[in-house]
Student: 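Here it is, the structure in full.
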Amino acid sequence: MRVLSRFGFATLPGPAQLPIRLRLTLWYVALLATILLAFSSFLYLSFSRGLREEQDAGLKTAAAQLQANIDYENGQPRLGDAVSQLSPDIAVALYDPSVRVLLGGVRHWSTSAVAGAWSQAAHGEVAFVTVQSGTDKAWRVLVTPVQENGRTLAVLEIGRPEGELQAALSQLLLLIGIAVPATLALAAGGGLFLAQRALSPIDHITRTAGGIGAEDLSRRLGMAPTRDEVGRLASTFDGMLERLDKAFQRQRRFTADASHELRTPLAIVSSQVDVTLERPRSSAEYRNALRVVGSEAERMRQLVSELLTLARADSGQELLEREPLSLDELASEVVGQLGPLATARGVTLALDRVEGVVVAGDQTRLMQLLFNLTGNALKYTPAGGRVTIAAERRQGRAVLAVADTGIGIDAEHLPHLFERFYRVDKARSRAEGGAGLGLAICDWIARAHGGHIEATSVPGRGSTFTVYLPLAENP
Ligand SMILES: Nc1ncnc2c1ncn2[C@@H]1O[C@H](COP(=O)(O)OP(=O)(O)O)[C@@H](O)[C@H]1O
Ligand SMILES: [Mg+2]
């Protein structure tokens, strides 16, 4: 798993057509094989060297014992009885180098095999040689001079068969030969099993993701939550499905709401026409019918234009034309235009706290926003109430606030106010000619300007809608 998190799935080296679990296992086994081979070679080499050193040291000790035990008969060196104390597999030969006569012991190897060592011994040096006797038997032989007063009297050869050492080494080799492949096989099996287990949730994710269409976005992977890579992948995936599901549901509801909203005025128009055409009518009655038809047509025109605005905003086609704008001028403009409507409703409409704040904004859109907010305030404020518009600077931001002393909004509705088609009181809103899209459009306008909109309200006392916008760079 370390390799996985280090390199990431896609960058794990190896042929991409191989499944990751195989690549992972191959890497793992190759790595382990390298380590095991290096370790075995080291083990074999140091073991064989140790054995050899031990064997040579044994020969040296034996040679020293024999040297100390050499007898002289008429000046001729002879092997002493220390020979009988040596281990039986050790062979000893005492030679006279000048006349090449065996002075004692037995010899299992040829003279030519030890010739080089002899010439060294003639110079008083000790030498080790490994010699072959017959076809298969090898001997390790120590050749050492027997000297008296600096004169070489004889050469002592002492040898031990290599068989034991070689048997030990081949035993070790056999062990390594069995243990290494067995370990690798076990590691490969275990590695494959682990990789399979670790990656099987990914197969599950792949299969589920493949089976999810636009129609069943409610499906989830529903895997046990874990904090590892796969667990995070699964929960990220589920989170994405959740958002997609919500977006699709919103879209469907929007379409259904829009159709429903259009159906009512259409039904009114067609029944009005049917009823009117039932029999001949007076011109006053016709005028009345046309007025109804006209007002429903106006409602539909308004609705369709709002839908169009939102649809274009969603697809990013609705671009802002930004220019430096004074919010205080916008506010007075709106107060001027909506003054007559306020008067007609018996509501006072006035400016409150206005200072010169400049934003880089789209005049049409910001006017639309103020119209919507002020229109709502007038709609939901009974006669005798007061609606005020403020344009000021607060904590480095431009603020537009529309406050009323109207019916207010219950806290439970506040979080939904800016959703499309959301209305607190459907009947009342409809009677006032609204479809519940006004605040959704305001929200979009505020966000498109890099700002946001908030609503606060005390039921029965009034509401305040506050729009925060970034100040223009160079006012
Ligand atoms: N100033 C306000 N006072 C009380 N309720 C309000 C106010 N502004 C908006 N609302 C509530 O929020 C809802 C959504 O407003 P909006 O999106 O403008 O839709 P509409 O005006 O078409 O009804 C309204 O139906 C109304 O219930
Ligand atoms: Mg409205």
Side-chain angles (χ1 to χ4, degrees), residues 250 253-254 256-265 295-311 313-314 331 334-335 337-338 341-342 345-352 364-390 399-448 452-467:
R250 227 177 5 246
R253 207 169 44 230
F254 183 62
D257 285 344
S259 325
H260 182 78
E261 219 48 54
L262 281 169
R263 205 171 52 181
T264 318
S295 94
E296 292 305 317
E298 170 55 23
R299 179 197 291 280
M300 286 189 280
R301 191 198 59 76
Q302 176 71 25
L303 177 61
V304 169
S305 111
E306 286 178 341
L307 284 175
L308 199 61
T309 303
L310 285 172
D314 283 348
V334 170
V335 168
Q337 288 195 24
L338 288 180
L341 177 64
R345 286 178 162 261
V347 175
T348 315
L349 174 61
L351 288 177
D352 180 31
T364 320
R365 289 305 174 197
L366 287 181
M367 282 292 273
Q368 186 181 12
L369 176 132
L370 261 189
F371 264 116
N372 279 349
L373 294 181
T374 316
N376 280 350
L378 292 174
K379 263 196 244 175
Y380 298 103
T381 303
R386 185 179 164 81
V387 173
T388 52
I389 305 180
V399 170
L400 270 176
V402 178
D404 63 56
T405 57
I407 59 169
I409 304 155
D410 276 337
E412 56 175 302
H413 298 294
L414 283 179
H416 305 290
L417 279 191
F418 301 99
E419 289 170 12
R420 296 167 185 194
F421 293 110
Y422 192 86
R423 284 165 293 187
V424 176
D425 179 346
K426 249 190 160 130
R428 177 169 182 157
S429 161
R430 206 191 127 67
E432 299 278 5
L437 291 176
L439 287 181
I441 292 176
C442 291
D443 182 51
W444 165 68
I445 293 173
R447 280 187 291 108
H452 71 281
I453 182 167
E454 284 171 8
T456 54
S457 183
V458 181
R461 300 278 297 277
S463 321
T464 305
F465 287 80
T466 314
V467 183

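Starting from 1, each residue takes its place in the sequence as its number. Note that ligands are numbered from 1 as they come in the structure, with each ligand's atoms numbered from 1 the same way. On a predicted model such as this, the values are computed, not experimentally measured, just so you know.
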Student: Indicate the atoms forming the closest heavy-atom contact of Ala342 with Leu378, along with that distance.
Tutor: CB-CD2, 3.8 Å

Student: Identify, for atom 18 (O) of ligand 1, the protein heavy atom at the shortest distance, and state residue, atom and that distance.
Tutor: Asn376 ND2, 2.7 Å

Student: Give the residue and atom name of whichever protein heavy atom lies nearest to atom 12 (O) of ligand 1, and the separation in Å to one decimal.
Tutor: Leu417 CD2, 3.3 Å

Student: Any N or O of Arg423 that comes nearer than 3.5 Å to an N or O of ligand 1?
Tutor: no

Student: Backbone or side chain, does any N or O of Ile407 fall under 3.5 Å from an N or O of ligand 1?
Tutor: no

Student: Do Gly408 and ligand 1 have an N or O pair less than 3.5 Å apart?
Tutor: no

Student: Do you know which two heavy atoms are closest between Leu369 and Cys442, and how far apart they sit?
Tutor: CD1-O, 3.4 Å

Student: Would you please determine whether Ile409 falls within less than 4.0 Å of ligand 1 on a heavy-atom basis?
Tutor: yes

Student: Can you tell me how the ring of Tyr422 sits relative to the ring of His413, calling it parallel under 30°, perpendicular over 60° and tilted otherwise?
Tutor: tilted

Student: Backbone N or O of Gly462 within a donor-acceptor pair of the Asp404 side chain at under 3.5 Å?
Tutor: no

Student: If you look at every heavy atom in Glu261 and Leu303, which pair is closest and at what distance?
Tutor: CB-CD2, 3.6 Å

Student: Can you name the closest pair of heavy atoms from Phe465 and Ala455 and give their distance?
Tutor: CE2-CB, 3.6 Å

Student: Got more than 12 heavy atoms from elsewhere within 6.0 Å of NE2, His260?
Tutor: no

Student: For atom 7 (C) of ligand 1, what's the nearest protein heavy-atom neighbour? Residue, atom name and distance, please.
Tutor: Tyr380 CD1, 3.6 Å

Student: Under 3.5 Å, is there a donor-acceptor pair linking the side chains of Arg365 and Gln368?
Tutor: yes

Student: Tell me whether ligand 1 is touched by Phe465 - counting only heavy atoms on the residue side and a distance under 4.0 Å.
Tutor: yes

Student: Would you confirm whether Thr464, through its side chain, and Thr456, through its main-chain N or O, come within 3.5 Å as a donor-acceptor pair?
Tutor: no

Student: Side chain or backbone of Asp404 under 4.0 Å from ligand 1, or both, or neither, by non-hydrogen atoms?
Tutor: side chain

Student: Hey, is Lys379 touching ligand 1 through its side chain, its backbone, both or neither, going by heavy atoms under 4.0 Å?
Tutor: side chain

Student: May I ask you to decide whether Asp314 forms a salt bridge with Arg420, counting only side-chain N to carboxylate O separations under 4.0 Å?
Tutor: yes

Student: In ligand 1, which numbered atoms sit nearer than 4.0 Å to a non-hydrogen atom of Ala377?
Tutor: 1 (N)

Student: Which ligand 1 atoms does Tyr422 reach within 4.0 Å, using its non-hydrogen atoms?
Tutor: 13 (C), 14 (C)

Student: Over all heavy atoms of both residues, which pair between Gln337 and Phe371 is shortest? Give the atoms and the distance, please.
Tutor: OE1-CZ, 3.0 Å

Student: Look at atom 23 (O) of ligand 1 and say which protein heavy atom is nearest, naming residue and atom and giving the distance to 0.1 Å.
Tutor: Ser429 OG, 2.6 Å

Student: Show which atoms of ligand 1 fall inside a sub-4.0 Å distance from at least one heavy-atom site of Val424.
Tutor: 25 (O), 27 (O)

Student: Give the contacting part of Ala435 toward ligand 1: side chain, backbone, both or neither, where contact means a heavy-atom distance below 4.0 Å.
Tutor: backbone

Student: Check if Gly436 has a non-hydrogen atom at a distance under 4.0 Å from any atom of ligand 1.
Tutor: yes

Student: Looking at the Mg ion (ligand 2), is one of the N, O or S atoms of Asn376 less than 2.8 Å from it?
Tutor: yes

Student: In terms of atom number and element, which parts of ligand 1 are under 4.0 angstrom from non-hydrogen atoms of Leu439?
Tutor: 9 (C), 12 (O), 14 (C), 15 (O), 16 (P), 17 (O), 18 (O)

